[in-house]
Amino acid sequence: MNDVSSSTPVADQAAMLSMRGITKRFPGVIANQDVDFDVVAGEVHTLLGENGAGKSTLMKILFGLYRPDEGEVRLNGKPSGITSPSTAIEAGVGMVHQHFMLVPTLTVAENVALGLPSGRGPLTNLDAVSARVSEISEAHGLSVDPSTEVWRLSVGERQRVEIIKALYRDARLLVLDEPTAVLTPQEVDDLFVILRRMTDEGRGLVFISHKLHEVMALSDRISVLRNGQMVGQTIPSATSREELAEMMVGRSVKLVPDRPPVETGDVRLEISNLSVRGDRDTIAVKNVDLSIKGGEIVGIAGVSGNGQREIAEAVAGLRAPEPGGSIRFDGVDVASMGTRARRDAGLAYVPEERMADGAIADFSVSENLILVDHASKSFTKSGLFDRQRIADHAKKLVERFAVKTPTIDTPTSSLSGGNIQKVIIARELMSDPAVLIAAQPTRGVDIGSAEYIHSQLIEQRDKSTATLLISEDLDEVLGLSDRIAVMFEGEIVAIVDAADATREGIGLLMAGVVDAA
Amino acid sequence: MRDFFTLSVIVATVASGIRLATPYLLAGLGETVGQKSGVLNLGVDGVMQLSAFFAYWTMLERGSLILATLVGIGVGLVMGAIYAFVTVVLQAQQGISGIGIFLFGLGFSDLMFRRQVGSPRPVPQLPEYGIPFLADIPNVGDALFQHNLLTYFAFAAVPVLALMLRSTTFGMNVRAVGENPQAADSLGVSVGWTRAFAILIGNTFAGLAGAALVLELGIFQPNLTAGLGFIAVALVYFGAWRPVGIMSGALLYGLVAASVLQMKALQIIPRSASDIAAMAPAILTILALIVLAGRVSAPAALTRPFSR
């Protein structure tokens, strides 16, 4: 990080935003309990916490989507009066959502103008909007062409449009909800420069994130929520990533998993000359060669949408590769096999979309745990399910993988994200696979579960499984992998030994700068 | 076949094709506005049957074409208000709600016809007006510029609606709520009202289409539309959600239908094959849809109810 990390001193003045004693109860849960939170002009105040800690409830209260049971929200000393998106805009409060609030078929200028009076009666006035957008772009270093349709823009550019939208409405207080989730490390650096420029103008920013190194780099103040309560407030110079993680989770956490050296065996997964078409029927994976030995984790780093999903689906048998390539498990070419045959050949797959592809939400935990093997003799007796053995099996796995569930018959959908993921990992690892594809294994998972899942992936590696790890979380890739393959526009542009890999080097490769590492 | 390719027959065929295209064009344009806002209305055919009946009944009772047309519009507005309430306020499934509207329209217009009219009696048709000067152009004038007012209105609505969708604040809101209602909502655009207005516009056009159909024919019978409203929905896909595209589809449909009628009249098509020939426009539409499938994409939020 550049000089953006040098925090400007918090101005000694009244808070722009002051939330006092906020309590919000939902049936059975206290989402926020007596929470105080404030933002002064010119600062970046980070709101840190795990999923379910109460960050989004607090922000929904700020935006008037929820009414607090107790407490009050003041803006510049007066009750905020925000009850809807339009009153929030009038009050000068804006939000950059994690999932961009853009209409892809509209142009940048149209997206900016949406919801505002045009000043030309019923007709739009896009020329004037475009001119103003260009001014804002120039003043803040947010280069983007106002007449381009949003679907043509890169993810980084889309985020700039979101920020321009807020600046166009002259938001004095801006909430950024996990703004870096989809950016490359370099784009993150650029974003931070832009955000610093905004605080220099006296705007106040709320930064919501769980990426600790970014929080340390950008924040002036850090407030940590856990289980709906504010458990602490600190400044970056007085804390460390480890301490922040401990505040979030409530116990000490290993951020970087132990990865003892292990003897690698024969090549168990061998991909050669693999090309795969994506959803838009264009080539998403181009002539990829990759081999992974038993006892090795190879992580794929890359900005999402550069072919990672397609490569995982092709290996798992969910997407047909182009002719001419091969995928071998322990030397057997499986490229033309179906998913069942591939699983019999030693495949395990932890898919990216946990609830859509990894588990059946309405099924119980025990049913999801036998989803792969439900037809096997071990779970059936004369053609019918053997309930007793299924239950024994489920109890064993729930215990071994520390799945927190009331019973094994609980619907899987009522578990937390981390526990659902543990159910899937338990099911996939129990077959002691030759090849494991783990796609985004800890996305949206609490730190405690993530720590546990990481330890399980490493344990499985030590049992001589060849693991292909796909993750948008660069820290995860760096922490778990023995080798790192960087994908850019469907090609593997470099394979780096974990020992030689740096964040910056990988980040440049992810952006397509090939001579970087 | 030689009989068909004479100037007078071709002029008559083009003129009748344009006239036949009118209800498809009106209904298709209305459906386009609704779908652009993310609301599918499969009830177009039912709305058309209702408005056709009430326009016809008004003609029987009062004999006023203006009043009959206004009644057709009124039926469209009422049905639009009902559909907006069901799909926007109650957030019902759009597919099944539209089918409900269709079945209601089919049954209720039939019931009313049997109770109030009984046997079909002809009413005066919409008169045709020549556009000054243009109508005097030999042949071209007869084919293109000698039509009834609803036909002129339908074709005039094409550029108007295109402009509305492209260059007005309301049109931009319509496109936004049809693609990403969450984004529109986050900027203070009322998704509910925008969709409700789009539905009202759509159903008004459907009402007008029903009136145009019955007032061009000058007679009503149960199930008068015979699926015309469903073809209009298909034309929206055919026309890729663009008014000019809808117009091309409606014209293609009208001209093919007019040609088939003309060939039957000239006995170019043997009587035994006439039923099959009557399917030509529908088959053509299906083929066109197959060819076009996947080329263009529907509004992303089409059929998805919105809630915060």
Side-chain angles (χ1 to χ4, degrees), chain A residues 59-60 63-66 82-91 93-129 149-151 158 161-162 164-166 168-169 171 175 177 279-281, chain B residues 32-33 35-39 159-195 197-198 200-201 236 239-243 245 292-302 304 306-308:
Chain A
M59 290 302 112
K60 281 180 174 163
F63 280 88
L65 295 171
Y66 292 153
I82 296 175
T83 53
S84 66
S86 33
T87 48
I89 291 164
E90 277 165 36
V93 181
M95 179 142 181
V96 173
H97 296 263
Q98 182 183 4
H99 304 288
F100 298 150
M101 289 290 184
L102 295 170
V103 184
T105 51
L106 264 50
T107 65
V108 171
E110 285 177 319
N111 269 285
V112 172
L114 200 59
L116 295 175
S118 74
R120 279 213 308 164
L123 294 178
T124 52
N125 195 4
L126 293 176
D127 290 342
V129 175
E149 284 154 340
V150 165
W151 63 267
R158 288 179 201 205
V161 179
E162 283 284 38
I164 289 170
K165 269 164 64 183
Y168 193 94
R169 288 161 174 76
V175 179
D177 185 9
D279 290 336
R280 290 192 184 146
D281 212 35
Chain B
T32 302
V33 176
Q35 290 200 11
K36 271 287 188 189
S37 80
V39 183
V160 172
L161 286 182
L163 181 80
M164 183 202 82
L165 285 171
R166 207 187 58 227
S167 305
T168 67
T169 310
F170 174 71
M172 198 166 78
N173 290 351
V174 166
R175 286 184 286 141
V177 302
E179 286 289 337
N180 188 348
Q182 277 75 18
D185 179 60
S186 76
L187 295 173
V189 174
S190 168
V191 177
W193 280 113
T194 305
R195 286 187 167 176
F197 276 123
L200 280 179
I201 293 173
V236 176
W241 293 268
R242 289 184 337 215
L292 291 170
R295 297 273 175 86
V296 287
S297 51
L302 186 59
R304 289 216 319 261
F306 171 77
S307 61
R308 271 197 189 139

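Note that the structure is a prediction, hence the values are computed from the model and not measured. Chain naming here is simple, since letters A, B, ... match the order of the sequence lines and numbering starts at 1 in each.
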J.: Yes or no on side chain to side chain contact (heavy atoms under 4.5 Å, CB included) for Glu110(A) and Arg175(B), after CA distance, side-chain angles and deciding distance?
T.: CA-CA 10 Å; Glu110(A) 285 177 319; Arg175(B) 286 184 286 141; 2.7 Å; yes

J.: Please flag which part of Ile89(A) lies under 4.5 Å from any non-hydrogen atom of chain B: side chain, backbone, both or neither.
T.: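 For Ile89(A), side-chain heavy atoms alone lie under 4.5 Å from chain B.
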
J.: For Phe100(A), which atoms come within 4.5 Å of any heavy atom of chain B: side chain, backbone, both, or neither?
T.: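 Contact with chain B: backbone only.
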
J.: So does Phe197(B) have more than 12 non-hydrogen atoms from other groups sitting under 6.0 Å from CZ?
T.: no

J.: Who are the side-chain contact (heavy atoms from CB on, under 4.5 Å) partners of Thr194(B), not counting sequence neighbours?
T.: Phe170(B), Asn173(B), Val174(B), Val177(B), Val189(B)

J.: Testing Leu114(A), Val103(A), Thr107(A) one by one against Met172(B) for a side chain to side chain contact (heavy atoms under 4.5 Å, CB included), which residue passes?
T.: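 Single side chain to side chain contact (heavy atoms under 4.5 Å, CB included) partner of Met172(B) among Leu114(A), Val103(A), Thr107(A): Leu114(A).
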
J.: So which of Ala183(B), Pro181(B), Gly188(B), Ala176(B) has the biggest tally of heavy-atom pairs under 4.5 Å with chain A?
T.: Ala183(B)

J.: For Glu179(B), check salt bridge (Lys or Arg N to Asp or Glu O under 4.0 Å) against everything at least two apart and list the hits.
T.: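 Salt bridge (Lys or Arg N to Asp or Glu O under 4.0 Å) check on Glu179(B) returns nothing, list empty.
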
J.: Kindly give the heavy-atom pair with the smallest separation between Pro85(A) and Ser186(B), and that separation in Å.
T.: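 Minimum heavy-atom contact is CB-O, 3.5 Å.
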
J.: For Gly121(A) and Thr169(B), which heavy atoms make the closest approach, and how far apart are they?
T.: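 The answer is O-OG1, 4.2 Å.
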
J.: Using a cut-off of under 4.5 Å for heavy-atom pairs, which of Arg169(A), Met101(A), Lys165(A) has the most such pairs with chain B?
T.: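 Of the options given, most contacts go to Met101(A).
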
J.: Check whether Ala88(A) gets within reach of chain B through its side chain, its backbone, both or neither, counting any heavy atom under 4.5 Å.
T.: neither

J.: Does atom CZ of Arg120(A) have more than 12 heavy-atom neighbours from other groups under 6.0 Å away?
T.: yes

J.: Non-hydrogen atoms of chain B under 4.5 Å away: do they reach the side chain of Asn111(A), the backbone, both or neither?
T.: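 For Asn111(A), the backbone is the part near chain B, not the side chain.
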
